[in-house]
Amino acid sequence: MIKKPLTFLSLPSLGDIEHILSKFPFPISLIEGQFKNLKMVIRNNSIEFFHGDLDIKDFSFVWLTSGWINRETAYALHLYLVEHQTPHSDVEKSTSKVTDTMTFGLAGLPLPNTVFLNTRDIVSDIPLIKEVCGFPLIIKDAKGSCGKYSELVRHERELVETLASLPDDRRFLFQEFVENDYDWGVMVANGVVVSGEKSYGADGEFRNNLANGASEVFVSVDEIPENIKEIAIEACASLGLSWSRADVIIDKATGNPYLLEVNRYPSAAHETEAQGAFEFLSSHIGTAVR
């Protein structure tokens, strides 16, 4: 006999959900959810996923569905609910920086403090963004590459103005800015580090990638610190990738490393990258011609 109401989140909610739930012979406390009310928060490597102010893992059951526009958000939430063993309906797999960030966080990898809001109307959540990320902070396109639509903002007014200037069809992560001199780009093939580089941003540029004028200094694999290698290997493995490059930024003040992202399509222009690509392909082509 159920004595306390079963807590049920319908996301998004069907128009006749109350009638459907009334057929059950026990009480159900319903929250009719909306994707615009979802918030993912990563604070000191601890992940929370909220609907409004309610942590979604605490519901008895989540009826989770999604259309095209919210598919990667729904999948990120699915990963969170699986981790916390919260009963819910399955959704299709769809990836973006949001799902990657969730995967990295659940794997225990070091991440900058991050907030994702599944809406462009952020005014009511600015206190949350300030608390978690502080200023300055980075706005990152959830599906961007080469730093496109990434912006550095220094205060609250600039945050609102900058977000309003970005494309309406995009969703963005808000991430604390880690003061740095460079970041590592570590190429991993079949679970082994095969190449490494340090990327130094151009003067006046906060992005340390080649597309935005960064300079690259390649080093031997032996010169890459072991903790950086471990982060790169674990990050690529968490995504199930056999060929990729992990970008790890180094905090200028503390020396602490933070995983930024994993590039699924790294270049192989430098000789060390080309050799790594050759070794990767050899392991696959060799089996194909036997």
Side-chain angles (χ1 to χ4, degrees), residues 8-17 20 30-42 47-107 109 111 114-122 125 128-129 138-150 163 166-175 235-242 244 246 259-265:
F8 185 103
L9 173 64
S10 180
L11 185 67
S13 187
L14 297 179
D16 54 354
I17 186 64
I20 295 168
L30 169 67
I31 296 292
E32 297 189 59
Q34 299 182 67
F35 271 90
K36 68 179 183 179
N37 292 333
L38 293 183
K39 309 170 191 179
M40 183 181 79
V41 177
I42 299 179
I47 303 178
E48 298 169 294
F49 216 130
F50 297 97
H51 182 272
D53 296 326
L54 302 173
D55 194 322
I56 302 174
K57 68 178 173 55
D58 296 329
F59 282 89
S60 306
F61 185 82
V62 179
W63 188 2
L64 182 58
T65 59
S66 69
W68 286 111
I69 192 172
N70 292 310
R71 193 152 294 172
E72 73 274 6
T73 306
Y75 187 69
L77 178 54
H78 159 76
L79 295 174
Y80 179 73
L81 296 176
V82 168
E83 175 71 13
H84 292 284
Q85 300 182 348
T86 300
H88 65 285
S89 56
D90 279 341
V91 293
E92 293 175 78
K93 183 174 182 178
S94 182
T95 60
S96 69
K97 283 185 172 67
V98 178
T99 57
D100 281 6
T101 301
M102 175 62 72
T103 300
F104 299 148
L106 294 177
L109 291 160
L111 300 171
T114 303
V115 172
F116 171 70
L117 307 171
N118 201 54
T119 179
R120 296 296 294 274
D121 183 11
I122 67 165
D125 286 306
L128 174 66
I129 296 171
I138 303 293
I139 302 176
K140 297 175 70 172
D141 183 358
K143 292 188 175 181
S145 61
C146 299
K148 188 175 183 180
Y149 300 135
S150 291
L163 190 64
L166 294 170
D168 289 337
D169 61 341
R170 300 280 178 160
R171 292 293 178 265
F172 296 89
L173 293 138
F174 305 92
Q175 201 163 68
C236 297
S238 72
L239 298 177
L241 300 174
S242 58
S244 53
L259 176 64
L260 293 182
E261 62 184 24
V262 168
N263 186 335
R264 292 161 169 81
Y265 185 55

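Model, not experiment: these values are computed from the prediction.
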May I ask you to test the Asp141-Lys148 pair for a side-chain heavy-atom distance under 4.5 Å? no
Look up atom CG in Leu117 and atom NZ in Lys36, then write down how far apart they are to the nearest 0.5 Å. 13.0 Å
Of all pairs that satisfy side chain to side chain donor-acceptor pair (under 3.5 Å), the ones with a partner from residues 49-58, not counting sequence neighbours: Asp55-Tyr80
Quick one: pull up CG in Leu239 and OG1 in Thr103 and give me the separation to the nearest 0.5 Å. 5.5 Å
Considering only residues two or more places apart or on different chains, which pairs with a residue in residues 60-85 satisfy salt bridge (charged side-chain N to carboxylate O under 4.0 Å, His left out)? Arg71-Glu92, Glu72-Lys143
For a side chain to side chain contact (heavy atoms under 4.5 Å, CB included) check, start with the C-alpha distance between Phe59 and Ile31, then their side-chain angles and the critical distance, and finish with the verdict. CA-CA 10 Å; Phe59 282 89; Ile31 296 292; 3.7 Å; yes
Leu106 side chain reached by Val82 side chain, heavy atoms, under 4.5 Å: no
Note: Leu260 and Gln175 closest approach over all heavy atoms is CD2-OE1, 4.3 Å
Residues at least two apart in sequence or cross-chain that pass salt bridge (charged side-chain N to carboxylate O under 4.0 Å, His left out) with Arg120, listed by chain then number, are none
Pairing residues for Glu48 by the salt bridge (charged side-chain N to carboxylate O under 4.0 Å, His left out) criterion, not counting sequence neighbours: Arg43
About how many Å separate CG of Asn118 and CD of Gln34, when rounded to the nearest 0.5 Å? 11.0 Å
Can a donor-acceptor pair be found, under 3.5 Å and without considering hydrogens, that links the side chain of Lys97 to the backbone of Gly144? yes
Separation between CH2 of Trp63 and NE2 of His88, rounded to the nearest 0.5 Å: 14.5 Å
Just jot down the side-chain contact (heavy atoms from CB on, under 4.5 Å) partners of Asp16, sequence neighbours excluded, or say none. Leu14, Ile20
Ile17 to Ser13 - nearest heavy-atom pair and separation: CG2-OG, 3.2 Å
Non-hydrogen side-chain atoms of Thr101 and Lys140 separated by less than 4.5 Å: no
Test side chain to side chain contact (heavy atoms under 4.5 Å, CB included) on Thr73 and Phe116; report intermediate values, then the result. CA-CA 9 Å; Thr73 306; Phe116 171 70; 3.8 Å; yes
In short, Leu64 meets Ala74 closest at the heavy-atom pair CD2-O, 3.5 Å
Where do Glu32 and Ser10 land on the side chain to side chain contact (heavy atoms under 4.5 Å, CB included) test, with the steps shown first? CA-CA 5 Å; Glu32 297 189 59; Ser10 180; 5.6 Å; no
Residues Leu38 and Phe49: closest non-hydrogen pair is CB-CE2, 4.0 Å
Can you confirm whether Ile69 sits close enough to Phe35 that some side-chain heavy atom of one is under 4.5 Å from a side-chain heavy atom of the other? no
For the CG atom of Asp125 and the OG1 atom of Thr119, what is their distance to the nearest 0.5 Å? 8.5 Å
Provide the closest heavy-atom pair for Leu79 versus Thr99 in the form atom of the first, atom of the second, distance. CD1-O, 4.2 Å
Exercise: identify the closest heavy-atom pair between Phe172 and Phe174: O-CE1, 3.8 Å
Sorted by chain and residue number, the salt bridge (charged side-chain N to carboxylate O under 4.0 Å, His left out) partners of Asp90 (sequence neighbours excluded) come out as none
Roughly how far apart are Leu259 CG and Asp100 CG, rounded to 0.5 Å? 9.0 Å
Is there a side chain to side chain contact (heavy atoms under 4.5 Å, CB included) between Ile56 and His84 once you walk through the steps? CA-CA 10 Å; Ile56 302 174; His84 292 284; over 6 Å; no
Could you tell me if the side chain of Met40 sits less than 4.5 Å from the side chain of Leu173, heavy atoms only? yes
